Number of protein chains: 2
Amino acid sequence: MTGETEVTDVATQPTESGADLTRSRLIEAARKAFGEKGFHATTTRDIAAAAGLSPAAVYVHHRTKEDLLYAISRAGHEAILTDMRAAIAGAPEVAGKLEAVVHAMVLRHTREYAAARVVNYELDGLSAQHREDIEKLRAQIQGIVRRLLRTGVADGSFVVDDVRITSNAIVAMAIDAARWYRPATDPAPDRIASHHARLAVRMVAAAG
Amino acid sequence: MTGETEVTDVATQPTESGADLTRSRLIEAARKAFGEKGFHATTTRDIAAAAGLSPAAVYVHHRTKEDLLYAISRAGHEAILTDMRAAIAGAPEVAGKLEAVVHAMVLRHTREYAAARVVNYELDGLSAQHREDIEKLRAQIQGIVRRLLRTGVADGSFVVDDVRITSNAIVAMAIDAARWYRPATDPAPDRIASHHARLAVRMVAAAG
DNA sequence: GTCTATAATTCGATAGAC
DNA sequence: GTCTATCGAATTATAGAC
């Protein structure tokens with residue numbers, strides 16, 4: 001916009017290219033590394049090397065290592081929320097909604113387990129400001145499940161002793177899949193997701 | 001035994017004192033720090049300061065920082081196994097055993113959440129050799145739950161689609177409590193443990 | 001935008017006096 | 001066994017050439 005010396009593109013397409021592509025490549029490398037070794041055990045040199053760049057190149061595209069973590073964490077949380085909302089919208093009654101939500105969560109926490117590990121286990125690496133932002137998204141995730149249980153209790157579909165503890169347990173089951181899941185030895189994500197979804201319904205369903 | 005120049009103790013009691021006490025204090029400081037900030041984010045200076053010692057004092061009692069992690073991890077895993085075995089021995093039939101085991105696991109993962117976080121989330125900090133040792137203990141933990149489910153299925157107490165996935169889910173629920181539990185705002189450990197234990201039984205119980 | 005080189009810290013671990 | 005002092009390596013991030 002402000003006086004480029006070259007006309008580089010045929011048209012400014014929504015497809016990323018050039019610098020944006022390098023930026024994405026660094027995020028992808030960081031996501032993998034953070035998910036596998038943890039934020040603090042990953043060096044900026046690891047990230048640069050995985051993206052095929054020199055250590056200094058990282059800082060052209062991202063202000064700090066923590067900025068990379070924030071970008072990955074934010075995108076990860078928003079992706080989960082999008083999945084959950086789509087799942088709820090796609091089922092008619094409350095038991096089906098719960099089953100779909102758990103399925104969506106477990107599917108993402110296994111399929112994208114590296115990103116999911118960053119989302120759930122690398123919160124301490126965030127700055128105070130970024131941590132606050134992320135915690136709001138996490139509260140929304142918990143809120144969705146909690147509301148679902150309350151709705152089910154209200155219309156008689158569910159029988160639940162303590163909504164808070166039970167929703168914690170259901171979310172816990174899904175989140176922890178990102179920790180134990182190993183693609184090489186475990187069943188396919190869809191199979192694990194279906195199974196967990198049925199288990200969640202069994203935990204709260206009213207009758208047989 | 002080999003020519004002490006001083007007779008320091010009235011008797012060599014099983015009670016720890018002197019150097020052993022300092023050693024324990026360092027382990028306690030490290031457990032808290034590793035559990036709250038993670039192994040890599042904790043410095044040996046943090047540990048020394050928390051124990052009221054100079055940075056160098058750590059190495060009089062522990063060879064390396066990783067040695068501290070291993071000691072904490074090993075003791076933590078063994079404590080969980082002890083809890084689980086006692087729980088199983090204390091209940092007559094299989095549903096009661098499962099309920100008791102989950103109760104014991106959740107109780108420990110909330111009450112001792114700092115230690116439990118080290119046990120479950122700081123495996124990457126271990127050396128290859130130590131990691132192998134620890135993985136054997138972890139396999140035993142999974143094995144106990146898996147055997148319990150198989151026994152319940154065999155005698156008709158439980159109905160389970162997939163024993164491996166279901167036992168993973170049950171253990172996941174217990175482990176993840178160490179991640180989300182906050183003593184300041186959450187219900188008492190015993191209440192959470194009881195609730196989770198009932199949920200686990202509901203996941204697998206045959207009839208109403 | 002990418003590189004090489006390096007500044008400025010910080011870390012795990014050790015040396016040596018008491 | 002504890003301390004002060006410090007080594008040597010590794011880390012995040014920047015400077016400056018191309």
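A quick note: this is a predicted structure, and the numbers were derived from the prediction, not measured. The sequence lines fix the lettering, A, B, ..., with proteins before strands; numbering per chain opens at 1.
Taking the six-membered ring where tryptophan is involved, the planes of Y113(B) and Y181(B) are perpendicular, since the angle between them exceeds 60° and thus also 30°.
For the segment residues 34-52 of chain B, the set of residues with a heavy atom within less than 4.0 Å of an atom of DNA chain C comprises T42(B), T43(B), T44(B), R45(B), in numerical order. A heavy-atom distance below 4.0 Å to DNA chain D is reached by these residues of residues 53-64 of chain B, ordered by number: L53(B), S54(B), A56(B), A57(B), V60(B), H61(B). Near DNA chain C, meaning a heavy atom under 4.0 Å from it, residues 22-31 of chain A has T22(A) in order of number.
Using a 3.5 Å distance cut-off with no hydrogens or angles, the side chains of R138(A) and N120(A) do pair a donor with an acceptor. Side chains of D124(B) and H40(B): no donor on one and acceptor on the other come within 3.5 Å. Judged by distance alone, the side chains of Y70(B) and D133(B) do bring a donor and an acceptor atom under 3.5 Å apart. Between the side chains of H61(B) and D20(B), not a single donor N or O lies within less than 3.5 Å of an accepting N or O.
Along DNA chain C, read 5' to 3', the first and last nucleotides having any atom under 4.0 Å from a heavy atom of chain A are dG1(C) to dT6(C).
Of all heavy-atom pairs between Y59(A) and T44(A), the closest is OH-CG2, 3.2 Å. Scanning all heavy atoms of the two residues, the minimum distance from V204(B) to T166(B) falls at CG1-CG2, 3.8 Å.
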Per-pair distances, 0.1 Å, donor-acceptor, side chain in residues 79-91 of chain A, under 3.5 Å, sequence neighbours excluded:
| unit_1 | atom_1 | unit_2 | atom_2 | d |
| --- | --- | --- | --- | --- |
| T82(A) | OG1 | E78(A) | O | 2.8 |
| D83(A) | OD2 | R108(A) | NE | 2.4 |
| D83(A) | OD2 | R108(A) | NH2 | 3.4 |
| R85(A) | NH2 | Q140(A) | OE1 | 2.7 |

Can you list the steps and then say if V171(B) with D176(A) is a side chain to side chain contact (heavy atoms under 4.5 Å, CB included)? CA-CA 9 Å; V171(B) 172; D176(A) 200 61; 5.9 Å; no
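With the end axes of the helix from dG1(C)-dC18(D) to dC18(C)-dG1(D) each set by five pairs, the angle from one to the other reads 10° at 10° resolution.
Taking 4.5 Å as the limit, some side-chain heavy atom of T185(A) sits within range of a side-chain heavy atom of R182(A). For the pair R191(A) and D162(B), the minimum side-chain heavy-atom distance is below 4.5 Å. Side-chain contact between L53(B) and R25(B): present, with at least one pair of heavy atoms (C-beta onward) separated by less than 4.5 Å. Counting heavy atoms from C-beta on, the side chains of I141(B) and M105(B) come closer than 4.5 Å. A heavy-atom distance below 4.5 Å is found between the side chains of D46(B) and K37(B).
One interatomic measurement links the two molecules: CG of L69(A) to P of dT12(D), which rounds to 13 Å at whole-angstrom precision.
Crowding of R111(A) atom CZ: a count of heavy atoms from other residues, nucleotides or ligands under 6.0 Å not exceeding 12.
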